[in-house]
Amino acid sequence: MTTTAWQFTQEVHPSPATSAEVVNLLANPGFGRVFTDHMVTVRWNEAQGWHDAKVESRKPFLLDPACAALHYAQQIFEGMKAYRSASGELLMFRPTANARRFQQSAKRMAMAPVPEDLFVASVEALVKIDSHWVPEGEGSLYLRPFMFASEAFLGVRPSLEYVFCVIASPVGPYFKNGDSAVTVWVSDEYTRAAPGGTGAAKCGGNYAASLLAQAQATANGCDQVVFLDAVEKRWVEELGGMNIFFCMADGTLVTPPLSGTILPGITRESVILLARREGMTVEERPYSFEQWCADVASGQLREVFACGTAAVIAGIGRIRHTGGELVIGDGTVGPVTTRIRDLLTGIQRGRLADTESWVHHLS
Ligand SMILES: *Cc1c(COP(=O)(O)O)cnc(C)c1O
């Protein structure tokens with residue numbers, strides 16, 4: 001258990017959702033549409049540092065129209081989940097890894113870093129007060145810590161004030177078709193991140209820049225977009241919000257390296273460690289779209305999957321691009337993907353032994 005020096009004032013919601021309403025909402029929450037009763041907020045300024053930590057009713061912010069985040073997008077976020085195990089325990093997966101990445105993102109965006117223990121204490125406080133919103137079974141409570149520049153100032157420089165906030169949303173599967181294989185669109189027009197840019201930071205601006213490509217993917221009947229590198233438009237980088245793995249015929253797993261232009265996914269890192277523990281060879285190396293197509297044609301490439309907190313592990317069955325469509329294997333989720341998904345979700349939900357000490361117990 002984390003012990004923390006951070007004290008939160010607690011303002012319990014005056015009219016929270018009734019238990020009947022919660023049951024109703026948890027029956028089919030979708031993704032990111034339903035929110036719990038509370039939120040956590042903490043403020044930063046130069047004079048006081050992090051202060052005014054609160055658990056309070058979830059409600060709109062009052063923002064000055066000159067609020068820096070609204071103009072210059074000085075903003076970062078995280079995505080993590082709380083689970084309810086079969087025995088009713090509340091679990092989180094590697095929250096300190098999210099805390100550390102949040103600090104790295106803050107650094108890149110010239111923002112005040114949130115101390116690791118404050119970050120973890122904040123998500124814990126929210127999960128505790130809204131614990132009845134953590135679904136049973138295959139659902140989970142998606143946690144969204146985020147921070148934005150709150151100073152009212154139109155000059156271009158790092159803000160002198162920030163708000164750190166955590167909200168929570170009970171969720172079901174990320175993709176509408178649940179666990180079936182998805183189709184991805186490989187964009188040869190738009191890129192996500194360039195060397196020296198913000199690709200490795202979890203900032204809203206990266207997502208804003210990906211939306212048009214994602215809309216193109218949707219228009220082409222695809223679930224997600226795959227981005228190629230910005231320099232040569234040749235090397236596979238990642239999806240709009242997920243990392244990618246290739247399973248070869250010899251059992252090797254290949255994933256693009258953390259070159260600074262892809263997001264260092266905690267799911268990605270966990271998959272690499274689990275696969276190695278299973279005796280698989282994992283190579284972090286550049287992989288070109290050209291090679292991807294050739295390996296599908298030759299049968300060298302057996303499976304492809306994407307991974308991230310929201311979707312966990314999503315099998316990729318088809319790729320589409322301006323030149324046509326390719327089917328990977330028989331177009332369904334393959335055995336390696338299924339095995340890794342079962343291992344990871346088993347650990348996350350407390351069904352399998354937590355051999356790597358990744359699971360954080362809340363109750
Ligand atoms: C959040 C994110 C991921 C996945 O990271 P996880 O820590 O596994 O959830 C991958 N790519 C991008 C662009 C992301 O924003």
Side-chain angles (χ1 to χ4, degrees), residues 31-32 73 75-83 92-106 108-109 119-120 123 140-147 169 171 173-175 182 184-185 187 190-194 197-214 217 223-230 235-245 253 255-275 282 284 304-314 316 337 340-341 343-345 347-348 356 358-360:
F31 193 93
Q75 183 275 357
I76 57 172
F77 67 97
E78 270 302 323
M80 52 209 288
K81 281 175 172 173
Y83 304 91
M92 285 198 287
F93 187 68
R94 306 186 68 186
T96 51
N98 293 92
R100 283 196 291 271
R101 186 170 65 191
F102 200 61
Q103 290 191 331
Q104 293 307 311
S105 298
R108 177 63 184 83
M109 303 302 282
F119 181 98
V120 174
V123 290
S140 53
L141 186 65
Y142 183 80
L143 300 161
R144 171 51 62 88
F146 63 102
M147 169 163 59
S169 170
V171 298
Y174 186 73
F175 290 112
V182 300
V184 295
W185 173 255
S187 181
Y190 300 111
T191 57
R192 182 186 162 273
T198 58
K202 213 166 171 72
C203 62
N206 289 343
Y207 277 72
S210 77
L211 296 178
L212 189 54
Q214 178 60 42
D223 302 283
Q224 284 284 310
V225 59
V226 173
F227 288 103
L228 303 178
D229 79 286
W235 307 102
V236 178
E237 298 233 300
E238 63 172 319
L239 278 59
M242 282 179 263
N243 297 113
I244 192 165
F245 281 82
L253 276 188
T255 193
L258 298 179
S259 55
T261 54
I262 74 174
L263 203 284
I266 294 159
T267 318
R268 174 189 180 279
E269 188 190 63
S270 306
V271 165
I272 292 173
L273 291 167
L274 281 181
V282 185
E284 294 177 74
V304 183
F305 63 84
C307 69
T309 297
V312 193
I313 307 276
I316 295 174
T337 303
I340 288 174
R341 178 161 69 201
L343 275 174
L344 186 61
T345 56
I347 294 172
Q348 287 172 335
E356 326 294 318
W358 284 339
V359 178
H360 185 87

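Atoms within each ligand, like the ligands themselves, are counted from 1 in listed order. Please read these numbers as outputs of a predicted model, since none were measured by experiment. Numbers here are sequence positions counted from 1.
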Just to check, does Gly240 reach to within less than 4.0 Å of ligand 1 when the distance is taken from its heavy atoms? yes
For the side-chain contact (heavy atoms from CB on, under 4.5 Å) test, which of Leu239, Val182, Ile316 pairs with Gln224? Leu239
Report the relative orientation of the aromatic rings in Phe93 and Trp358; use parallel for angles under 30°, tilted for 30 to 60°, perpendicular for over 60°. perpendicular
Considering distance alone, does some N or O of Asn243 sit under 3.5 Å from an N or O of ligand 1? no
Does Leu228 reach the side chain of Val236, with side-chain heavy atoms less than 4.5 Å apart? yes
Within less than 4.0 angstrom of ligand 1, does Arg192 place any heavy atom? yes
Please state which protein non-hydrogen atom is closest to atom 9 (O) of ligand 1 and give its distance, to 0.1 Å? Thr309 OG1, 2.6 Å
Do His360 and Val120 have side chains that approach each other closer than 4.5 Å (heavy atoms only, starting at C-beta)? yes
If you compare Glu238, Arg268, Glu237, Glu269 by their heavy atoms, the one closest to atom 12 (C) of ligand 1 turns out to be Glu238
To the nearest 0.5 Å, tell me how far Leu274 CG sits from Ile347 CD1. 4.5 Å
Would you list the pairs meeting side chain to side chain donor-acceptor pair (under 3.5 Å) in which at least one residue belongs to residues 260-271, sequence neighbours left out? Arg94-Glu269, Arg94-Ser270, Glu237-Thr261, Ser259-Thr261, Arg268-Glu284
Hey, does Met80 have a side-chain heavy atom less than 4.5 Å from the side chain of Pro95? yes
Could you tell me whether ligand 1 has any atom less than 4.0 Å away from a heavy atom of Arg101? yes
Which of the atoms of ligand 1 are close to Gly241, meaning less than 4.0 Å from one of its heavy atoms? 2 (C), 3 (C), 4 (C), 10 (C), 11 (N), 12 (C), 13 (C), 14 (C)
Got the closest protein heavy atom to atom 8 (O) of ligand 1, with its distance? Thr267 OG1, 2.6 Å
Record the part of Leu263 in heavy-atom contact with ligand 1 below 4.0 Å; permitted values are side chain, backbone, both and neither. side chain
Ligand 1 atoms in contact with Gly265 (distance to a heavy atom under 4.0 Å): 5 (O), 6 (P), 7 (O), 8 (O)
Please name all residues satisfying salt bridge (charged side-chain N to carboxylate O under 4.0 Å, His left out) with Asp223, sequence neighbours left out, ordered by chain then number. Lys176
Looking only at protein heavy atoms, what sits closest to atom 2 (C) of ligand 1 is Lys202 NZ, 2.6 Å
